[in-house]
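In what follows, chains are A, B, ... by sequence order, proteins preceding strands, each numbered from 1.
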Protein chains: 2
Amino acid sequence: MTDIDQNIPDSESSDKRLNPRQQQIFKKRQVMIVKKASRLFIKKGYSQTSMRDIANATGINLGNLYHYISGKEDILCIAFNNYHNLVMEFVIKNDILNIQEPEAKLKAVLRQSLEITYDFRNDLLMMHRETRVLPRKFLKIILKKESEFVRLFEDIITRGVESKAFKVSDPFFAANMLVFQISFYALRSWNLKQFTREEFLDMAEETILRAIIPDAM
Amino acid sequence: MTDIDQNIPDSESSDKRLNPRQQQIFKKRQVMIVKKASRLFIKKGYSQTSMRDIANATGINLGNLYHYISGKEDILCIAFNNYHNLVMEFVIKNDILNIQEPEAKLKAVLRQSLEITYDFRNDLLMMHRETRVLPRKFLKIILKKESEFVRLFEDIITRGVESKAFKVSDPFFAANMLVFQISFYALRSWNLKQFTREEFLDMAEETILRAIIPDAM
DNA sequence: AGTCAAAACAAACGTTTGTTTTATTATTAA
DNA sequence: TTAATAATAAAACAAACGTTTGTTTTGACT
C-alpha cells in the first residue's frame, strides 16, 4: 500500500539497498506475482482469491509473498497501473499522434485501441469488476488517466469538426461514447464468440466511426 | 440458494403453510431486505457487505434474516431477477412492440431502455461488478434473458434492413453494440455528470441511431 | 572458515465471515 | 386464559481471511 501510494508508476522503490542483480530478481518475481495473481482475479474474482491461492499459483511461500509485495491490494493496484501504462505506450508510439489529417488519425488511434482492448479483454473485464476494491487515492489516479484517454479522442474529434471532416454535436460526449465502445468486446465477449478477431475489429471500427464521420461506409 | 434455483422468478415459494396475510408480510419483508441489501452492495460492494450490515440496515435481527432469505447469495440473485423482470415489463408494455414501422419502433424501445438504465444506473453498475458472484446456474439464466433482450433489437433491425429503412452490415452485431451502448451511462456516469438527464438521453439516442439509420440527424 | 542479510518456511495470530442455535420475550389465535 | 407462533437478542460455530512471527536455510562476500 505505502509502496504504491508514494510511487505510483511501477513500484521502482528499491528502498532496500540491493545490488543490481538482486534488484532484477526482485523485480522479476514481483512481475510474476502480479501476472499470476491477475489470472486468478480474472478467473475467480479478487475477493474470492486468497493470498494462499496466490502463494500456490506462484510457488512462493505465503509469508514470503510479503517480501515482494506489501499486501493484496497492492497487487491489484500494480495490475491496474501496468495496464494503463501499456495502453498509453501503445497508443502514443508509432508517431500516430503526429498524423495531421483528423480522419486518418482517428482511424489509426481507434484501431490501435480496439486491438489492445481485444487482446487484453480478460484483464479489462477484471478491472471493470474490481474497481470498487481500489483505495480511493489510487482510484482517483486511474480515473484521471482514463479521462486523459478520453481527452485524446476529444481533441481529435474537435479538430475534425472544425475541418468539417466530422459531424458531432458534442465532441466531449462523442469521445466518451467512443472510449466506452472501445471496451465493447471485453464486456460482451460472451455473446460475440461467433466472430473472428478481424471480423470483430472491422465491424467495431465501422460502427464506431459511423457516429462521427458523415456517410462513413 | 435452493429457493431461487428451483423457482427462479421471484421466490413465490411459500413452502411453509401461511395464511394470505402472513404471506403478504413475509413477501414485503423479503422485498425490503433485497432493496436495502442492494443499496449496501452498491455502496460497498457485495463481498464487503456482511450479513450483519444487512441486519443493521433492515432492522431485522441477524438470525431472523434467515427466515426470509436462505442466504447471502440469494439476495443478489433476487436483485438480479427483479431488475431483469422490471426491464422486460417496461419495454414490452405500452404496446410498443405492436408498432409496425421499424424506425418508430426502434426509437420507442431504445428511448424506453435508455430511460430505465439511466434511472437504475446504480443497480446496473452493481450488477455489472458482481456478476462473478452468481452461481453458475443462475448466471446462465441471466445471460439468456440478456440475449433475449439483444434478439429483440436484432429482430427490429433485421426488419428495418429489409425495408431499407436501416443500413447495417450485421444486425446481430449491431444489436449487441446497441444493447451495450444502452448501459453507457451506468458505467461511465463518473465522467458524464455535466449533462442533465434529458441532455444525456437525447445525445445518446442520436449517437446510437446514427450507427443504424442512414443520414439520421 | 566465518559473517550477515536476504529468502524460505511452517505455524500461528487476531479478525471477520456466513450461518446456526439457544433462551427469552412479544404477539396472535382459539 | 392458554397454547401456539413469531421476533428478539445474544452467543456460538467452524471456516476462511490477510498478515505477522520466529526460526531455519541459503548464498555471496570478508
Side-chain angles (χ1 to χ4, degrees), chain A residues 1-4 13-34 36-37 40-41 44-79 130 132-135, chain B residues 1-4 14-30 32-34 36-37 40-41 44-79 130 132-135:
Chain A
M1 231 268 276
T2 29
D3 203 306
I4 270 283
S13 44
S14 64
D15 296 333
K16 342 256 174 163
R17 302 309 174 91
L18 299 172
N19 65 46
R21 176 91 190 102
Q22 288 172 317
Q23 273 194 30
Q24 206 178 355
I25 294 178
F26 186 90
K27 192 69 213 243
K28 211 160 214 167
R29 290 251 192 167
Q30 204 184 54
V31 170
M32 190 262 266
I33 292 171
V34 173
K36 294 259 190 194
L40 289 176
F41 295 161
K44 320 200 319 170
Y46 175 84
S47 289
Q48 288 72 36
T49 301
S50 69
M51 289 298 277
R52 285 159 186 83
D53 291 332
I54 298 173
N56 283 340
T58 55
I60 297 175
N61 179 268
L62 177 59
N64 209 22
L65 267 181
Y66 288 87
H67 294 164
Y68 297 102
I69 47 92
S70 61
K72 194 185 173 188
E73 253 183 10
D74 257 12
I75 301 180
L76 193 65
C77 290
I78 295 176
E130 310 296 356
R132 171 92 351 148
V133 184
L134 294 179
Chain B
M1 231 268 277
T2 28
D3 204 305
I4 270 285
S14 63
D15 295 334
K16 341 254 175 166
R17 302 310 173 91
L18 299 173
N19 64 46
R21 175 93 190 100
Q22 289 171 319
Q23 274 195 29
Q24 206 178 353
I25 293 179
F26 186 90
K27 193 67 213 243
K28 210 160 215 167
R29 291 249 191 167
Q30 204 185 54
M32 191 262 266
I33 293 171
V34 173
K36 294 260 189 193
L40 290 176
F41 295 162
K44 320 199 320 169
Y46 174 85
S47 289
Q48 288 71 38
T49 300
S50 69
M51 289 299 277
R52 286 160 184 84
D53 292 333
I54 298 174
N56 284 338
T58 55
I60 297 174
N61 179 266
L62 176 60
N64 208 22
L65 265 181
Y66 288 88
H67 296 162
Y68 298 101
I69 48 93
S70 62
K72 195 186 173 188
E73 252 183 11
D74 257 13
I75 301 180
L76 192 67
C77 290
I78 295 176
E130 309 297 355
R132 172 94 347 152
V133 183
L134 294 178

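- Within the nucleic acid shown, A:S47 has no heavy atom closer than 4.0 Å to any nucleic acid atom.
- With 3.5 Å as the limit, one finds a donor-acceptor pair spanning the side chains of B:D74 and B:S70.
- Taking a 6.0 Å sphere around NZ of A:K36, one finds it holds 12 or fewer heavy atoms contributed by other residues, nucleotides or ligands.
- Across A:R29, A:Q30, A:K28, a single residue satisfies side-chain contact (heavy atoms from CB on, under 4.5 Å) together with A:F26, and that is A:Q30.
- Closest approach of B:V133 and B:E73 over heavy atoms only: O-OE2, 3.7 Å.
- Heavy-atom distances to DNA chain C give each of A:Y68 and B:Q48 a nearest nucleotide, and the one nearer the 5′ end belongs to A:Y68.
- Atom pair A:I25:CD1 and C:dA7:P shows a separation of 8 Å (rounding to whole Å applied).
- The CE atom of A:M51 lies 3.5 Å from the OH atom of A:Y66; values are rounded to the nearest 0.5 Å.
- Taking every heavy atom of both residues into account, B:S47 and A:Q48 meet most closely at OG-NE2, 3.3 Å.
- With contacts defined as side-chain heavy-atom distances shorter than 4.5 Å, the pair B:Y68/B:V34 does not qualify.
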Taking only nitrogen or oxygen atoms into account, show me every contact under 3.5 Å that the protein makes with nucleotides 19-24 of chain C, one pair per line with its distance.
from	atom 1	to	atom 2	distance (Å)
C:dT19	OP2	B:Y66	OH	2.8
C:dT19	OP2	B:K72	N	3.1
C:dT19	O5'	B:Y66	OH	3.3
C:dT19	O4	B:R52	NH2	3.2

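- Distance, A:L65 CG to C:dA7 P: 13 Å, rounded to whole Å.
- Across A:L65, A:I69, A:L40, a single residue satisfies side-chain contact (heavy atoms from CB on, under 4.5 Å) together with A:I75, and that is A:I69.
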Can you give the dot-bracket line for DNA chain C, using ( ) for pairs inside the strand, [ ] for pairs that cross earlier ones, | for pairs with another strand and . for unpaired bases, where Watson-Crick and G-U count if both distances are under 3.5 Å? |.|||||||||||||||.||||||||||||
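- At whole-Å resolution of the value, CD1 in B:I60 and C1' in D:dA7 are 10 Å apart.
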